Peer 1: 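Quick one: this structure, given as structure tokens, is what I'll be asking you about.
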Amino acid sequence: MWVPESGIDPSIPFTIPQQWTINDNLVPFSSAGFVQHINYLNTETSDQGQMNIKLPFMQWNDREGYVKAGMFIDSLSREYRQDSFVNAKTITNYDAPWTDPWSRVFPSQGDP
């Protein structure tokens, strides 16, 4: 967020310069940083197979009948991967006017 130049106390000739700074209310308390990019990759492989057999026969009372049997197999494999990219919260402000956005210089400030 951008903060305009302001004085703490009129009797003290000290002012806070205009600057871009972090908004502590929006930053999580974890070490993950302000900017997070999370990439998910789910891979699923499924193989299925079945075999059925039907054997006809004649019953003792001359009626047709059959015996039916079969099997079914299902194989499933899943792989899950997550990559998280975050900044390290090492740079907390950038002294500049509103017209000079922090995004212009943030990549060159050396935050890994």
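This one's a predicted model, so the numbers in the text were calculated from it and none came from an experiment.
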Peer 1: Tell me, please, which residues at least two apart from Asp83 pass side-chain hydrogen bond (donor to acceptor under 3.5 Å, both in side chains).
Peer 2: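 side-chain hydrogen bond (donor to acceptor under 3.5 Å, both in side chains) check on Asp83 returns Arg81.
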Peer 1: Measure the OG1-CD distance between Thr99 and Gln18 for me, rounded to the nearest 0.5 Å.
Peer 2: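 Going from the OG1 atom of Thr99 to the CD atom of Gln18 covers 8.0 Å.
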Peer 1: Do any side-chain atoms of residues 63-78 form donor-acceptor pairs under 3.5 angstrom with protein atoms, and if so which ones, sequence neighbours left out?
Peer 2:
residue : atom : partner : partner atom : Å
Arg78   : NE   : Glu44   : OE1          : 2.6
Arg78   : NH2  : Glu44   : OE1          : 3.3

Peer 1: Are Leu41 and Asn39 side-chain neighbours, meaning at least one heavy-atom pair lies under 4.5 Å?
Peer 2: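 With C-beta onward as the side chain, the pair stays apart.
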Peer 1: Would you tabulate the side-chain donor-acceptor contacts of residues 46-54 under 3.5 Å, counting partners in other chains and residues two or more places apart, or write 'none'?
Peer 2:
none

